[in-house]
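Accompanying notes for the structure given below.
Just so you know, these numbers use all the heavy atoms, side chains as well, and skip hydrogens, waters and symmetry mates.
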Amino acid sequence: MRPRLTLSALALTLGLGSLGLGPPAAQAAAPAPVDKLDHALLWGRDIDQASAVLAVKLGFQVRPGRNPGGVANRYVRLADQGYLELLGITRPNPELDPGMQADQASLHGGSGARAFGLHASALDKAQADLKAQGLPVTPIFTAAADDPDGQGPGKPPRWRLFAFERPVLSSSVFLIDYAAPRSDPVSVADDKAARQHPNGARSLSAFWLLSADASADKAKLEKLGLAGAVPVRVPQVAAKGYCVAVGPNALLALEPDGPGIAADALREGGPQVLGVSLGVADLDAAKRRVERGYEQSLAGYDGLSGAAFLAPTRADLGLLIEFHAASAKGPCEGVKG
């Protein structure tokens, strides 16, 4: 969900945010302002080409969105309510909000992800708490009253969110919450159908945040209330850093660990959302489908969430997609710090 934000409202560049300060030793830790990952904003060079990659090569169901102001969006929605929002410019001189402008300045018209959202069910409290800590939160923005996907006048806005006036982390972030969805039988059935994918994808597990200094992002995350980071290495992309739990999910704050994919990506594109991890119902079936889509064999490995493989999507999407066997275990669980 990319909001239309004013210039003063957006420097959508927080990074990985959950918020709160370390409590006194005698007190229990305060809950983080966010409860889980929500979605990543993925730009395609061409929205039809990127949609075809997601559907044909990777086996996702891509759902249509809208095309306001020359920026179209589409969705890959998952059963756990996480999703990928695909964005693409569809005309010359599109209407870009400041967040979009910042993304495009980094991407130079290419594919990739530079921003993501975190879900906060107590959005007003999260905003107030962060403001009290001196963080540069924006006002809360809402979906328009005439939102064609909302429930109509007099009903709560479909979504509400806030961002940050200036960068706080290496990647852009905003906090978001939603009104209760439509409950009529047709809408419920359509929503259920939208979250079923031929490749068996079910859940959003992690965002991989790449920067030149993972320790700096770790320190900023701690200030934002996301503590308990544990050191990790991701040899598949030659990266190292920290795994930070966000409810049942995780943010990986990574930096290059020698030559390899992470170093190449950082050199070519700067700080970014390098990858996402998704849980699937049948890992072998998903792997066969992606191998057919890319006409190559793919190596499996034991990742942070267990058995996994990495789809070679960086050239197509500017973003890596890791598929792993669905599990109740969070990515940071069992990692030895």
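Side-chain atoms of Trp43 and Asp103 include a donor-acceptor pair closer than 3.5 Å. Side-chain atoms of Asp48 and Ser51 form no donor-acceptor pair, as typed in the model, at a separation below 3.5 Å. Looking at Asp177 and Ser121, their side chains never bring a donor and an acceptor atom within 3.5 Å of each other. Checked by atom type, the side-chain pair Tyr242/Asp217 shows no donor-acceptor distance below 3.5 Å. Thr142 and Trp159 share no donor-acceptor pair across their side chains, judged by distance under 3.5 Å alone. One side chain, His324 or Ser205, offers a donor N or O that lies under 3.5 Å from an acceptor on the other. For Gln61 and Arg195, the side-chain atoms include no donor-acceptor pair closer than 3.5 Å.
Annotation: Phe207 is not in aromatic contact with His39 [ring centroid separation under 6.0 Å not met].
Once rounded to the nearest 0.5 Å, the distance linking NZ of Lys240 with CD of Glu255 reads 5.5 Å. A distance of 11.5 Å separates CZ of Arg292 from NZ of Lys287, quoted to the nearest 0.5 Å. Rounding to the nearest 0.5 angstrom, the gap separating the CG atom in Leu252 from the SG atom in Cys332 is 7.0 Å. Separation of atoms CZ (Arg166) and OG1 (Thr138) is listed at 12.5 Å; rounding is to 0.5 Å. The OH atom of Tyr83 sits 11.0 Å away from the CG atom of Leu78 when rounded to the nearest 0.5 Å. With rounding to the nearest 0.5 angstrom, the CG atom of Leu204 is 7.0 Å from the CG atom of Leu84.
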Inset, instruction - Apply side chain to side chain contact (heavy atoms under 4.5 Å, CB included) to Leu41 and Phe174, showing your working. - result: CA-CA 11 Å; Leu41 299 172; Phe174 51 91; 3.8 Å; yes

Inset, instruction - In sequence, state the C-alpha distance, the side-chain angles, and the governing distance for Arg160 and Asp124, and then conclude on salt bridge (charged side-chain N to carboxylate O under 4.0 Å, His left out). - result: CA-CA 10 Å; Arg160 304 168 66 240; Asp124 296 275; 3.0 Å; yes

Inset, instruction - In sequence, state the C-alpha distance, the side-chain angles, and the governing distance for Ile321 and Leu58, and then conclude on side chain to side chain contact (heavy atoms under 4.5 Å, CB included). - result: CA-CA 9 Å; Ile321 299 180; Leu58 297 170; 3.9 Å; yes

Inset, instruction - Might you work through the side chain to side chain donor-acceptor pair (under 3.5 Å) test for Asp184 and Ser187, ending with a clear yes or no? - result: CA-CA 6 Å; Asp184 62 279; Ser187 295; 2.8 Å; yes

Legend entry - side chain to side chain contact (heavy atoms under 4.5 Å, CB included) between Asp38 and Tyr178, worked out: CA-CA 11 Å; Asp38 194 80; Tyr178 303 90; 2.6 Å; yes

Inset, instruction - Decide side chain to side chain contact (heavy atoms under 4.5 Å, CB included) for His119 and Val34; before the verdict, give the C-alpha distance in whole Å, the side-chain angles of both, and the deciding distance to 0.1 Å. - result: CA-CA 6 Å; His119 185 265; Val34 302; over 6 Å; no

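Counting heavy atoms from C-beta outward, Ser171 and Arg114 have side chains that stay 4.5 Å or more apart. Between Ile140 and Leu123, the closest side-chain pair of non-hydrogen atoms falls below 4.5 Å. Counting heavy atoms from C-beta outward, Thr313 and Tyr294 have side chains that approach closer than 4.5 Å. At least one side-chain heavy atom of Arg314 sits under 4.5 Å from a side-chain heavy atom of Ile261. The shortest side-chain heavy-atom distance between Leu298 and Val290 falls under the 4.5 Å cut-off. Contact annotation: the side chain of Val62 never approaches that of Tyr75 to less than 4.5 Å [non-hydrogen atoms, C-beta and beyond]. Residues Gln272 and Leu319 fail the side-chain proximity criterion, which asks for heavy atoms closer than 4.5 Å. Side-chain contact between Arg66 and Asn73: present, with at least one pair of heavy atoms (C-beta onward) separated by less than 4.5 Å.
When atom types are taken as modelled, the side chain of Asp257 and the backbone of Ala238 share no donor-acceptor pair closer than 3.5 angstrom. A donor-acceptor contact shorter than 3.5 Å links the side chain of Glu333 to the backbone of Gly330. In terms of modelled atom types and a separation under 3.5 Å, the side chain of Ser111 and the main chain of Arg45 share a donor-acceptor contact. Judged by distance alone, with hydrogens and angles left aside, the side-chain atoms of Gln236 form no donor-acceptor pair with the main-chain N or O of Gly303 at under 3.5 Å. No donor-acceptor pair under 3.5 Å is formed between the side chain of Ser170 and the backbone N or O of Ser211.
Ring geometry for His197 against Phe60 counts as perpendicular: the plane angle is over 60°, on a 0 to 90° scale with 30° as the lower cut.
Looking at every heavy atom in both residues, Ala250 comes nearest to Cys243 through CB-SG, 3.8 Å. Taking all atoms of both residues into account, the shortest heavy-atom contact from Glu322 to Ser277 is OE1-OG, 2.7 Å. The shortest non-hydrogen separation linking Leu283 to Ala325 is CD1-N, 4.0 Å. Leu37 and Asn249 make their closest contact through N-OD1, 2.8 Å (heavy atoms, listed as atom of the first residue, atom of the second, distance). The two residues Leu210 and Ala265 have their closest heavy-atom pair at CD2-CB, 3.9 Å. Of all non-hydrogen atoms in Pro94 and Gly70, the two that sit nearest each other are CB-O, 3.7 Å.
Within a 6.0 Å radius of CZ in Arg202, no more than 12 heavy atoms belonging to other residues, nucleotides or ligands are found. Atom CD of Gln296 sits in a crowded spot, with more than 12 heavy atoms from other residues, nucleotides or ligands closer than 6.0 Å.
With respect to the salt-bridge test (charged N to carboxylate O, under 4.0 angstrom), the residues Asp190 and Arg63 qualify. Between Lys125 and Asp129 a salt bridge is recorded (basic side-chain N to carboxylate O distance below 4.0 Å).
If you chain together hydrophobic residues whose side chains sit under 4.5 Å apart, Tyr301 and Val232 fall into the same group.
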